[in-house]
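Below is one structure, written out as structure tokens; comments come after it.
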Amino acid sequence: MQGRAVLAGALALAGGVLAVVGSFLPWAEISAGPFTEQAKGIDGWEGKAAIIAGAVMVAGGIRVLAGSHQAMARLRPGAAIAGLVAAGVGVYTALTIRDQLIDAAATELPRAEVERALDHGLLQLTLAIGLYLVIAGGIQGIVGALVALGARDQPVAPSGAGLRGWSRTGTDAPGVPPTPPAMPDVPAPPPRPVPNDGGEPPG
């Protein structure tokens with residue numbers, strides 16, 4: 001397998017794992033004095049979309065690393081689209097997390113009071129590790145798709161392991177002398193007549 005194919009498959013696989021794992025981790029932390037609440041990605045549609053995108057990248061990376069024929073042709077659009085979805089969902093959440101928090105809290109408190117609490121630090125909002133992992137996973141998927149553009153579609157060459165590999169001789173097996181050719185079968189000579197000293201004709 002080509003080095004670029006291995007790199008592309010590894011990037012897609014790692015990016016998909018990061019996107020899936022990050023979706024189950026906290027994306028944001030809301031603190032109000034001693035009280036802290038975490039919001040996980042899986043709690044909203046954004047996290048579910050990131051999980052689907054991560055699964056697509058994982059499947060594409062595994063197919064490439066397993067040497068599946070034409071896997072590279074499928075990895076290019078699959079990893080690119082899935083990476084864009086994961087990274088896009090993460091960036092969108094990071095940019096709109098404040099408004100989402102205000103909208104969620106406005107169901108119980110006046111919107112102006114929630115905004116005032118955020119502005120004065122009474123209510124603190126911070127991004128958590130899960131969101132960063134999803135964004136990083138999406139970027140890795142996009143990079144994997146770009147790397148796959150330079151790799152050719154070809155099946156993996158056989159490694160020669162197993163019985164066929166052990167039976168190789170000559171130039172196929174370095175350090176092993178070639179087997180000498182078999183000697184041709186030579187017909188046995190016909191029997192010679194035995195001389196008769198008694199003068200009697202041979203029977």
Side-chain angles (χ1 to χ4, degrees), residues 1-29 38-101 103 125-165 168 171-174:
M1 183 184 295
Q2 295 181 354
R4 294 180 69 92
V6 174
L7 179 59
L11 286 172
L13 177 59
V17 171
L18 288 178
V20 172
V21 172
S23 299
F24 290 94
L25 296 177
W27 282 20
E29 293 183 356
Q38 295 179 340
K40 297 182 179 180
I42 193 64
D43 296 335
W45 67 266
E46 298 90 347
K48 296 178 176 64
I51 290 176
I52 297 175
V56 172
M57 288 187 285
V58 169
I62 291 177
R63 283 197 298 265
V64 170
L65 295 179
S68 176
H69 186 51
Q70 295 182 347
M72 292 298 298
R74 299 177 181 178
L75 178 69
R76 297 183 187 108
I81 296 175
L84 287 173
V85 169
V89 165
V91 173
Y92 166 80
T93 302
L95 296 177
T96 62
I97 191 68
R98 177 186 172 93
D99 294 334
Q100 294 184 36
L101 172 62
D103 293 338
L125 175 64
T126 56
L127 301 180
I129 183 63
L131 190 59
Y132 294 112
L133 290 181
V134 170
I135 296 175
I139 294 175
Q140 283 195 5
I142 297 173
V143 174
L146 295 177
V147 173
L149 292 176
R152 294 176 296 177
D153 299 332
Q154 61 180 10
V156 181
S159 61
L163 297 179
R164 293 182 60 187
R168 293 182 177 179
T171 57
D172 291 340

* Evaluate the side chain to side chain contact (heavy atoms under 4.5 Å, CB included) criterion for residues I51 and I42: first the C-alpha distance (whole Å), next the side-chain angles of each, then the deciding distance (0.1 Å), finally the verdict. => CA-CA 8 Å; I51 290 176; I42 193 64; 3.2 Å; yes

* Asked: Could you walk me through whether L65 and V6 pass the side chain to side chain contact (heavy atoms under 4.5 Å, CB included) check?
  -> CA-CA 6 Å; L65 295 179; V6 174; 4.3 Å; yes

* To do: Could you go through the side chain to side chain contact (heavy atoms under 4.5 Å, CB included) check for R98 and L125 one step at a time?
  => CA-CA 7 Å; R98 177 186 172 93; L125 175 64; 4.3 Å; yes

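Under the 3.5 Å distance criterion, the side-chain polar atoms of D99 are left unmatched by any main-chain donor or acceptor of T96. In terms of modelled atom types and a separation under 3.5 Å, the side chain of W27 and the main chain of A94 share no donor-acceptor contact.
Considering every non-hydrogen atom in both A19 and G54, the closest pair reads CB-CA, 3.9 Å. Considering every non-hydrogen atom in both Y92 and Q100, the closest pair reads CE2-NE2, 4.1 Å. Residue L25 comes nearest to G130 through the heavy atom pair CB-CA, 3.8 Å, listed as atom of the first residue, atom of the second, then distance. The shortest non-hydrogen separation linking V134 to G22 is CG2-C, 3.7 Å. Across all their heavy atoms, A12 and A79 have their closest contact at CB-CB, 4.4 Å. Here the closest non-hydrogen pair linking G47 and S23 is O-OG, 3.4 Å.
Here the CD1 atom belonging to I62 is positioned 5.5 Å from the CG atom belonging to L13, to the nearest 0.5 angstrom. For the atom pair CE of M57 and CD1 of I81, the computed distance is 12.0 Å after rounding to the nearest 0.5 Å. R76 contributes atom CZ, which lies 11.5 Å from atom CG of L146 (distance to the nearest 0.5 angstrom).
Each of L101, L95, T93 was compared with I97 under the side chain to side chain contact (heavy atoms under 4.5 Å, CB included) criterion, and only T93 meets it. Each of L7, L11, L75 was evaluated against V64; a single residue qualifies, L75, per the side chain to side chain contact (heavy atoms under 4.5 Å, CB included) test.
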